[in-house]
Colleague: 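First, the structure itself, so that you have it in front of you.
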Amino acid sequence: MKNVPKAIVILWMSVLIILGMPHGIVFATTGVIQQPVSITGWEVKWGNVDDQGFISEVKGADEIWEKQGSDKLEYSNTDRSNSLWTRLTIPELSEESSAIRFENIKGNHIVVYLEDRKVYENYHYNYDNNAVLLPLSSENSGDTLYVWSQNEKGRLGIQGIVQVGPYAALQEKYIHNGLIDVILGATFVFTAITMLSCTFFLGKFHKGLWISLCIVMGSIGTMIITYSQFLYTFYQVYGDLYSVVFDLAMLLGMPALCYFFEQIIGPGLHGIFTKLRKILFIYSVIAVFSLFIYVTSGGQWEILYNLLVQRVVGIVLVILLTILLVGTIAKALQRNREAMLLATGFGTFALISVAELLWYYQRSGTYHLLWWKWSMVAFVISLIAILGSRFAEKHTKVLEYSKELELFNNELQRSEKMEIISELAASVAHEVRNPLQVTRGFLQLMTEQEDNKNKGYVRIALEELDRASGIITDFLTFAKPEFDHIISLNISDEFNHIEGILVPMANLEGGKITTDIPPDLYIRGNSSKFKQAFINIIKNSIEALQGQGQIDIWAYKQDGMIKVHVRDNGEGMDEEALSRLGEPYFSNKIKGTGLGMMVTFRIVEAMQGQISFTSTKGVGTEAVVSFVEFVD
């Protein structure tokens with residue numbers, strides 16, 4: 001609990017720092033803050049055509065002023081001159097350090113007089129929103145303030161709030177006016193630069209998409225910053241530069257935005273996104289060139305700049321956003337996940353932006369665009385989310401490819417081992433079979449001459465020779481699984497023969513075999529080798545029963561394949577034994593060589609089939625063998 005007050009102090013100091021510490025300054029200088037007072041009424045007078053903003057122009061005794069106020073803030077120059085005078089009276093000021101704050105004075109050229117003394121002037125071409133803060137003292141109580149505003153293109157005069165009060169309190173609001181826009185835009189620009197620095201670590205597949213996203217984010221951030229009222233309030237001397245940078249960011253961002261959409265949701269119907277991107281690229285190059293000429297010529301080529309940029313770029317942007325929105329929604333209706341995500345973020349941005357731009361043109365350029373920059377937050381988040389999902393998807397695919405590569409390598413190693421063993425088995429089997437046959441012949445001759453005692457030994461020797469011959473036969477089958485006689489096999493007929501051979505054996509072991517094989521299942525293969533493979537599988541199941549048990553055999557067609565299942569409820573195998581199944585000389589049986597299952601795998605592979613096993617210790621084992629269906 002001792003750390004609680006300390007934590008509260010740190011939290012409070014953090015809040016003060018975030019807010020620019022205005023409250024601390026006010027308390028230190030004035031003690032208790034008085035609430036600012038709003039001025040709701042003033043008078044206006046339209047200027048003459050040749051007015052220059054001199055106070056002498058409205059000091060005549062015969063001047064006629066019209067009463068206006070905060071309930072009527074819109075003044076149009078449609079039928080009148082392009083300048084407007086506004087005058088108001090400063091109320092009683094109780095503090096020496098006071099001020100008056102205008103939230104917004106519309107006009108490209110603003111001049112403010114306190115009585116006969118000029119106290120403020122701001123002049124720039126392309127921006128007509130002006131936040132003004134003027135210091136006052138108690139001596140200015142009752143003085144008259146004159147505001148002259150001139151605008152060739154839009155509205156004039158006071159809009160928004162007019163407040164009088166302590167200088168520190170009004171300064172806080174004045175500083176915060178548009179500051180959030182700068183912070184938001186700077187965040188986008190910094191994020192874009194940070195992302196762009198990572199471009200070198202990306203492959204060719206992602207690089208174009210990544211760079212286009214960086215350009216879009218950087219353009220959005222730059223547009224938000226250069227459109228912010230904060231810059232025009234505190235650094236109005238660079239007003240023309242802000243306008244040029246804003247236009248440049250928009251011209252660079254539009255082709256990049258179209259390219260990003262093209263990469264995410266494709267070229268669109270009839271390749272409209274691809275065509276639109278090419279058209280935008282050509283337009284942006286020409287517009288940037290005209291912008292360059294306008295800047296380098298000192299404004300002498302203003303006609304070309306106004307035509308290609310100021311008058312056209314907004315219309316081009318409306319068309320671009322509309323086409324992209326319609327294309328994105330059409331793709332999202334096809335249940336494309338990325339398109340649905342993009343439609344959500346971009347739809348929010350496009351609808352708000354198009355609505356504001358249409359309203360802007362409907363009001364002859366006098367509307368101050370406000371909501372578009374906040375809708376961009378949702379749009380940028382959707383863009384980053386899409387790119388992030390693509391990286392995650394690629395990472396998942398890399399993991400899948402790694403697993404597949406590992407399986408392929410294991411299979412390749414197994415194939416190489418099997419190839420070596422098969423070559424060795426073939427050579428050894430041919431060399432050993434002949435002396436075995438000779439030895440067997442002589443032993444048969446000896447049985448006719450030996451006594452009864454020796455005949456027993458000879459009989460055992462013959463049985464072992466027959467067993468060795470069987471092993472050699474398995475080796476030869478493994479080494480050369482190619483079949484000389486390939487025919488159409490009816491699975492049901494083949495299993496009738498297999499069942500006739502193995503049912504007596506299963507009954508002797510106390511087991512039972514059931515089969516469910518439809519009569520219309522056909523494959524291509526060798527009948528004897530097919531029987532040999534399944535006899536090996538079913539014999540292993542019988543031996544795994546250890547007395548009583550059940551072996552179920554069934555088959556069916558699925559997606560052009562014939563699948564045969566052999567399932568028992570025997571002793572089963574653990575994971576290690578299951579993974580080694582089919583390896584040479586691996587067997588769970590005491591006298592087993594493992595050659596039977598090795599030959600089974602080889603036969604199935606030679607018949608273009610696949611075999612897999614699942615097993616649980618103490619529960620049982622299931623084998624699934626798949627062959628390509630033969631259609632006559």
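What you see is a predicted model, and the numbers here were worked out from it, not measured in a lab.
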Colleague: Quick one: list whatever passes side chain to side chain contact (heavy atoms under 4.5 Å, CB included) with F190, sequence neighbours left out.
Modeller: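 Result, side chain to side chain contact (heavy atoms under 4.5 Å, CB included) vs F190: T194.
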
Colleague: Could you state the interatomic distance from CZ (F102) to CD1 (I161), rounded to the nearest 0.5 Å?
Modeller: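 Separation between the atoms: 13.0 Å.
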
Colleague: Specify whether F261 and F273 have parallel, tilted or perpendicular ring planes, treating 30° as the upper limit for parallel and 60° as the lower limit for perpendicular.
Modeller: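 Taking F273 first and then F261, their aromatic rings stand perpendicular (interplane angle over 60°).
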
Colleague: Who passes side-chain hydrogen bond (donor to acceptor under 3.5 Å, both in side chains) against S284, sequence neighbours left out?
Modeller: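 Result, side-chain hydrogen bond (donor to acceptor under 3.5 Å, both in side chains) vs S284: none returned.
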
Colleague: Sequence neighbours left out, what passes side-chain hydrogen bond (donor to acceptor under 3.5 Å, both in side chains) with D247? Give chain and number order.
Modeller: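 D247 satisfies side-chain hydrogen bond (donor to acceptor under 3.5 Å, both in side chains) with Y305 once adjacent residues are dropped.
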
Colleague: Once you round to the nearest 0.5 Å, how far does OG of S212 lie from CE of M217?
Modeller: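 Answer rounded to 0.5 Å: 11.5 Å.
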
Colleague: Any side-chain to backbone donor/acceptor pair from W210 onto M195? Under 3.5 Å, distance only.
Modeller: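 Yes, W210 side chain to M195 backbone: donor-acceptor pair under 3.5 Å.
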
Colleague: Relative to the ring of H565, is the ring of Y556 parallel (under 30°), tilted (30 to 60°) or perpendicular (over 60°)?
Modeller: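 Rings of Y556 and H565: parallel, as their planes differ by under 30°.
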
Colleague: Quick one: are Y283 and L251 in side-chain contact, heavy atoms under 4.5 Å?
Modeller: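 In short, these two side chains touch, coming nearer than 4.5 Å.
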
Colleague: Output yes when a side-chain donor or acceptor of N104 lies under 3.5 Å from a complementary backbone atom of N130, and no otherwise.
Modeller: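 Between the backbone of N130 and the side chain of N104 there is a qualifying donor-acceptor contact (under 3.5 Å).
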
Colleague: I'd like to check the ring-ring contact (aromatic ring centres under 6.0 Å, His included) partners of F188; sequence neighbours left out, ordered by chain and number.
Modeller: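 For F188, no residue satisfies ring-ring contact (aromatic ring centres under 6.0 Å, His included) once neighbours in sequence are set aside.
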
Colleague: Return each pair, listed once, that meets salt bridge (charged side-chain N to carboxylate O under 4.0 Å, His left out) where at least one residue sits in residues 215-226; pairs must be two or more places apart or across chains.
Modeller: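 Salt bridge (charged side-chain N to carboxylate O under 4.0 Å, His left out) check on residues 215-226 returns no pairs.
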
Colleague: Tell me if a side-chain donor or acceptor on S149 pairs with a main-chain N or O of G157 at a distance below 3.5 Å.
Modeller: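 Yes; at least one donor-acceptor contact below 3.5 Å.
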
Colleague: With sequence neighbours left out, write down each residue that passes salt bridge (Lys or Arg N to Asp or Glu O under 4.0 Å) with K557, or none if nothing qualifies.
Modeller: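 Expected list: D520, E629.
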
Colleague: What distance separates L276 CG from L324 CG, expressed to the nearest 0.5 Å?
Modeller: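 Between L276 CG and L324 CG, I get 6.0 Å after rounding to 0.5 Å.
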
Colleague: Would you please name every residue forming a side chain to side chain contact (heavy atoms under 4.5 Å, CB included) with D559, sequence neighbours left out?
Modeller: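 Testing D559 for side chain to side chain contact (heavy atoms under 4.5 Å, CB included), a comparison that skips the adjacent residues, returns none.
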
Colleague: Can you tell if the side chain of M254 reaches within under 4.5 Å of the side chain of V313, non-hydrogen atoms only?
Modeller: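 The answer is yes, as the side chains (C-beta and beyond) meet within the 4.5 Å cut-off.
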
Colleague: Who are the side-chain hydrogen bond (donor to acceptor under 3.5 Å, both in side chains) partners of T274, not counting sequence neighbours?
Modeller: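 Partners of T274 by the side-chain hydrogen bond (donor to acceptor under 3.5 Å, both in side chains) criterion, ordered by chain and then number, come out as E262.
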
Colleague: Quick one: list whatever passes side-chain hydrogen bond (donor to acceptor under 3.5 Å, both in side chains) with E400, sequence neighbours left out.
Modeller: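 Applying side-chain hydrogen bond (donor to acceptor under 3.5 Å, both in side chains) to E400 gives none.
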
Colleague: Find the distance between CZ (R524) and OG (S488) and round it off to the nearest 0.5 Å.
Modeller: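 One finds 6.5 Å between CZ of R524 and OG of S488.
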
Colleague: Side chains of Y259 and I215: does their closest heavy-atom pair fall under 4.5 Å?
Modeller: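 No, their side chains stay 4.5 Å or more apart.
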
Colleague: Is the closest side-chain heavy-atom distance between L521 and V564 below 4.5 Å?
Modeller: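 A side-chain contact under 4.5 Å is absent here.
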
Colleague: Can you tell me how far the CG atom of L156 sits from the CH2 atom of W148, to the nearest 0.5 Å?
Modeller: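 Those atoms lie 9.5 Å apart.
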
Colleague: Starting at CD1 of I105, measure out to CD1 of I110 and round the result to the nearest 0.5 Å.
Modeller: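 Result: 5.5 Å between the selected atoms.
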
Colleague: Can you name the residues that form a ring-ring contact (aromatic ring centres under 6.0 Å, His included) with F627, not counting sequence neighbours?
Modeller: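 Result, ring-ring contact (aromatic ring centres under 6.0 Å, His included) vs F627: F530.
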
Colleague: Got a sec, which residues hit side chain to side chain contact (heavy atoms under 4.5 Å, CB included) with I193, two or more places apart in sequence or on another chain?
Modeller: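 Result, side chain to side chain contact (heavy atoms under 4.5 Å, CB included) vs I193: V189.
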
Colleague: List in chain and number order the residues that pass side chain to side chain contact (heavy atoms under 4.5 Å, CB included) with L252, two or more places apart in sequence or in another chain; answer none if no residue qualifies.
Modeller: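 In terms of side chain to side chain contact (heavy atoms under 4.5 Å, CB included), with neighbours along the sequence ignored, L252 is linked to S219, L248.
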
